[in-house]
Amino acid sequence: MTSIFNKRNSIIFFVLLSLIFPAVVPNDYFLYLMTTAFIWVIAVSGLNILAGYTGYLSLAHAGFFAIGAYSLGLLTVKVEMNYWIAFVLTLGITSLSGLLVGLIALRTKEHFFAIYTLCVGYIIYLVIDKWEGLTGGVRGLIGIPTPANIGSLAFDSVHSQYYLVLFFMLLSLLIIYRIVHSLTGRTFIAIRNSEQLATTIGVSTMKNKLLAFVLSTFFAGMSGALYASVIRFIGPEIAYTSVMFDLLMYLLVGGIGTISGPIVGAIVIVWVSQQLQFLQEYRMLIFGPLLTLIIIFYPRGIVGAFISLKTRAQAKKRKVPIVNESLTPTQKQIEEG
Amino acid sequence: MYLETKQLTKKFGGLVAVNNVDFSIEKGKINAIIGPNGAGKSTFFNLISGFHPPTFGQVIFKGTDITTLPANQIAKLGISRTFQTTNLFEQATVLDNVMVGHRLRTESNLFDAIFRTKRLQREDKQCRDKAMEVLTFVGLQNITHKMITNISQEEKKRVAFALALATDPEIIFLDEPAAGVNPDETEGLAELMQKMVDYGLTVCLIEHKMQMVMKLAQKIMVLNYGEKIAEGTPDEIKNNEAVIKAYLGGSAIA
Amino acid sequence: MDILIQQLFNGLTIGSVYSLVALGLTLVYGILHIPNFAHGALYMMGGYMTFTMMTKFGFHYWLAILIAVVAVGLLGVLMERFVFHPLRNAPPLHDKIAAIGILLFLESFAQLVWGGDYLTMPTPYNQVVSIFGLTFTMQRLLIIIAAIVIMIALNLFLKKTFTGATIIAMSQNREGANLVGINTTKVAMLTFLISGGLAALASSLASPINLVFPGMGHLVILKAFVIIILGGMGSIPGAILGGYILGFSESLGATYISNDYKDIIAFILLVLILTIKPTGLFVKGGHT
């Protein structure tokens with residue numbers, strides 16, 4: 001009971017902290033940085049549904065992120081559609097493209113799936129890069145509008161955008177939390193654990209994998225749409241494998257297969273990268289080996305290491321009662337019953 | 001006929017793993033399939049549970065042809081199975097591992113999950129209750145909250161049984177249930193299988209431990225090189241010449 | 001007609017490079033069952049090594065290549081020892097991510113040491129030759145010949161030597177190989193040595209007609225993956241054949257379809273293959 005209480009308290013604490021964050025940071029730049037970190041949290045959480053909970057490493061995630069960003073950009077800039085209609089439409093477009101890709105990609109397994117999605121991601125990049133007539137090619141797409149007002153709420157300042165992105169992030173996390181802790185989530189985890197076993201207990205693996213895939217692209221699309229309207233300039237490089245690897249790193253460093261992993265990973269790395277700005281493009285000299293070391297020694301990242309520390313400490317505390325428990329006469333009852 | 005196979009055949013390339021096997025499983029009994037290594041026992045299981053499509057022949061369950069049904073549909077009909085190696089999720093509790101076994105009897109979807117509907121809450125409880133029920137049945141009610149990593153090999157076997165039972169099966173296929181456990185524990189697992197039958201389930205197992213099979217099973221089929229060489233009660237099998245020859249000439253009986 | 005023959009020749013050149021890269025990738029896959037995403041980074045390192053040996057130390061082209069082959073081969077061995085070996089019992093997801101970590105490091109390392117600029121590798125074989133109305137540089141001819149020589153040598157090594165036979169045995173059945181007394185650890189290291197060496201050789205041969213830069217391995221590795229899926233993961237003849245098929249399709253595609261989209265051909269090919277046959281073409285029986 002106390003642990004639930006603790007968990008709830010810490011969630012409340014962090015939500016409050018994120019709400020007052022704009023009031024305590026010294027300048028807009030930090031706020032802007034946090035806003036981008038939150039955008040990544042949404043994308044990485046989406047990737048987590050698939051890679052973390054269902055066990056399928058999709059390397060096309062940056063591609064779907066880019067599809068989200070470009071859909072919103074093109075719908076608002078070229079079609080001049082109302083922002084929020086474009087936003088909703090963007091979610092539809094990315095989910096639909098996710099469905100189409102998933103239908104084929106999920107027929108493959110493991111290595112084939114990773115390679116297949118890597119290639120799908122690359123195709124998305126190449127199409128954006130080469131189809132100048134539509135996407136502007138390497139010149140990119142400029143002048144993407146900020147989110148339109150909702151009633152008297154305007155989203156043209158760094159502060160208001162921070163809160164808008166925060167809202168979407170919390171909403172995404174709530175949805176993902178509920179999915180993971182539902183029977184649907186249990187089904188995903190069963191598939192990750194052993195697809196063969198999942199089938200024998202009556203799980204339609206294809207249907208569930210497809211659901212996880214579409215969900216992951218839905219959040220990639222949402223993240224991309226927010227990225228486009230906060231950064232307001234997009235180029236083909238957002239679909240490139242380097243963005244994919246960034247997403248993967250946020251997930252792995254934070255903790256794959258945990259709800260808080262993507263939050264911890266994205267925020268920590270965005271801030272650490274900020275501190276290491278003098279390194280610029282050489283930051284992978286540190287993050288590359290870090291990724292490899294984490295997967296060897298802490299495959300469940302910062303959050304996973306934290307959890308195992310905590311459970312170990314709890315086990316120590318409870319050690320005596322556990323021994324007593326096993327000595328109770330229940331063992332006898334089993335044999336008699 | 002409860003569950004029967006007719007001329008069931010499976011070829012992998014040029015190799016015939018299961019050849020023309022007619023077999024019927026008797027309701028409410030412990031049925032066993034024995035045979036030397038590589039006799040096609042596991043393949044036979046895989047054909048019945050829908051993992052491989054047979055090259056030829058039929059599987060009929062309660063009068064319905066289930067030969068071409070996918071494995072998950074077969075599970076829904078009440079046919080459950082375990083594997084030789086139990087693939088449990090090590091980082092989760094015993095209860096969490098078993099709960100998902102009842103998922104096939106529930107209907108809540110993504111919408112229910114996101115909005116935490118009454119249906120989801122009801123079905124979640126239903127799965128939890130089912131898991132507790134089957135864990136009690138297999139005698140693990142006191143370790144439901146232990147992590148899989150922290151339980152013994154024999155307990156893992158029992159969790160695998162519980163998971164199969166959570167699907168509400170009528171018939172349960174056990175692939176070498178006593179592999180890798182010591183004689184005392186084997187005894188315990190044998191009792192558990194007897195308990196399943198007493199409870200009204202039908203059991204069919206593949207087993208290497210001959211003594212256990214002879215003591216436990218009421219009906220035995222012997223496979224050798226993919227072909228059925230004998231079928232009958234333990235006494236009939238013991239005195240069957242083809243069986244004796246296959247076993248003496250083939251690999252040792254462990 | 002001339003254009004066609006010219007393009008077929010180009011296809012042969014590109015195909016040779018692809019085949020060499022795919023060979024290394026397929027060998028590692030056959031032995032360890034991991035898709036080595038860092039293979040492209042080995043290719044890139046090979047290019048830089050040869051470049052440096054030639055321009056900084058003034059070594060002859062062939063000597064420079066030899067040094068690069070050995071150095072990158074050893075780099076492969078290090079990867080096997082310190083990364084893939086500790087992960088041999090981990091879930092397959094972990095190998096892939098670890099390989100990506102190595103890839104990111106090596107690219108960043110190259111950027112730090114050599115900068116992000118495109119470099120042109122010198123070659124002693126710049127002469128333009130003209131035969132039967134075809135014009136090409138010696139370098140291109142060299143690529144084709146060298147690739148074929150290496151493939152024959154590799155084939156002889158695998159088929160005729162005891163060490164080669166152990167590699168084949170292990171790729172067919174790891175546990176079995178272990179049981180009959182093959183030192184699987186040693187074979188794994190050897191395979192990475194050969195794989196890295198092949199990557200370095202391929203890039204050293206191709207660099208004079210392409211360019212050397214940190215991202216030069218990206219497209220090559222992606223295409224190599226397409227090739228080994230095309231030819232069957234782990235299959236040696238499949239990698240060679242697949243490499244040439246892709247080389248020809250690209251050079252013809254560039255001429256007759258669109259030069260802009262020629263890089264997409266490989267990926268469309270892959271999408272088509274896996275759509276029709278999700279386990280890849282020519283899968284060896286038994287494996288999943």
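Naming: A, B, ... by sequence-line order, numbering from 1 per chain. Since the model is a prediction, treat every value here as computed from it, not as a measurement.
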Using a cut-off of under 4.5 Å on heavy-atom pairs, state which of [options] scores highest against chain A.
{"options": "C:Gly101, C:Gly215, C:Pro91", "answer": "C:Gly101"}
{"options": "C:Val83, C:Asp95, C:Leu106", "answer": "C:Val83"}
{"options": "C:Ile34, C:Ile100, C:Ile102, C:Val226", "answer": "C:Ile100"}

At a 4.5 Å cut-off on heavy atoms, which part of A:Leu59 comes close to chain C: side chain, backbone, both, or neither?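 Just its side chain gets close to chain C.
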
Measure A:Leu252 against the heavy atoms of chain C and call it side chain, backbone, both or neither at under 4.5 Å. side chain

Which region of [X], side chain (C-beta onward) or backbone (N, CA, C, O), has a non-hydrogen atom less than 4.5 Å from a non-hydrogen atom of chain A, or is it both or neither?
{"X": "C:Ile265", "value": "neither"}
{"X": "C:Phe82", "value": "backbone"}
{"X": "C:Leu87", "value": "side chain"}

Any side-chain heavy-atom pair from A:Phe245 and C:Leu103 closer than 4.5 angstrom? yes

Please tell me if the side chains of A:His111 and C:Lys96 come closer than 4.5 Å, counting only heavy atoms from C-beta onward.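 They are in side-chain contact.
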
Does atom [atom1] of [X] have more than 12 heavy-atom neighbours from other groups under 6.0 Å away?
{"X": "A:Tyr298", "atom1": "OH", "answer": "no"}
{"X": "C:Phe109", "atom1": "CZ", "answer": "no"}
{"X": "A:Phe306", "atom1": "CZ", "answer": "no"}
{"X": "A:Trp271", "atom1": "CH2", "answer": "yes"}

Interface residue of largest heavy-atom contact number with chain C, from A:Ile115, A:Leu285, A:Ile296, A:Leu291, under 4.5 Å: A:Leu285

Minimum heavy-atom separation for [X] to [Y], with atom names?
{"X": "A:Arg107", "Y": "C:Ile276", "result": "NH2-O, 3.6 Å"}
{"X": "A:Tyr116", "Y": "C:Leu270", "result": "CA-CD2, 4.0 Å"}
{"X": "A:Gly288", "Y": "C:Leu104", "result": "CA-CB, 4.1 Å"}

Applied to residues 241-255 of chain A, the side-chain hydrogen bond (donor to acceptor under 3.5 Å, both in side chains) test, sequence neighbours excluded, yields A:Asp246-A:Arg283

Roughly how far, to the nearest 0.5 Å, is CD1 of C:Ile264 from CD1 of A:Ile123? 6.0 Å

Rounded at 0.5 Å granularity, tell me how far CZ in A:Phe112 sits from CD1 in C:Ile229.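 Separation between the atoms: 5.5 Å.
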
Between C:Leu93 and A:Ile256, is the side chain to side chain contact (heavy atoms under 4.5 Å, CB included) condition met? List the steps. CA-CA 11 Å; C:Leu93 188 74; A:Ile256 188 168; 3.8 Å; yes

Can you classify the ring geometry of C:His218 versus A:Tyr240 as parallel (below 30°), tilted (30 to 60°) or perpendicular (above 60°)?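 Rings of C:His218 and A:Tyr240: tilted, as their planes differ by 30° to 60°.
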
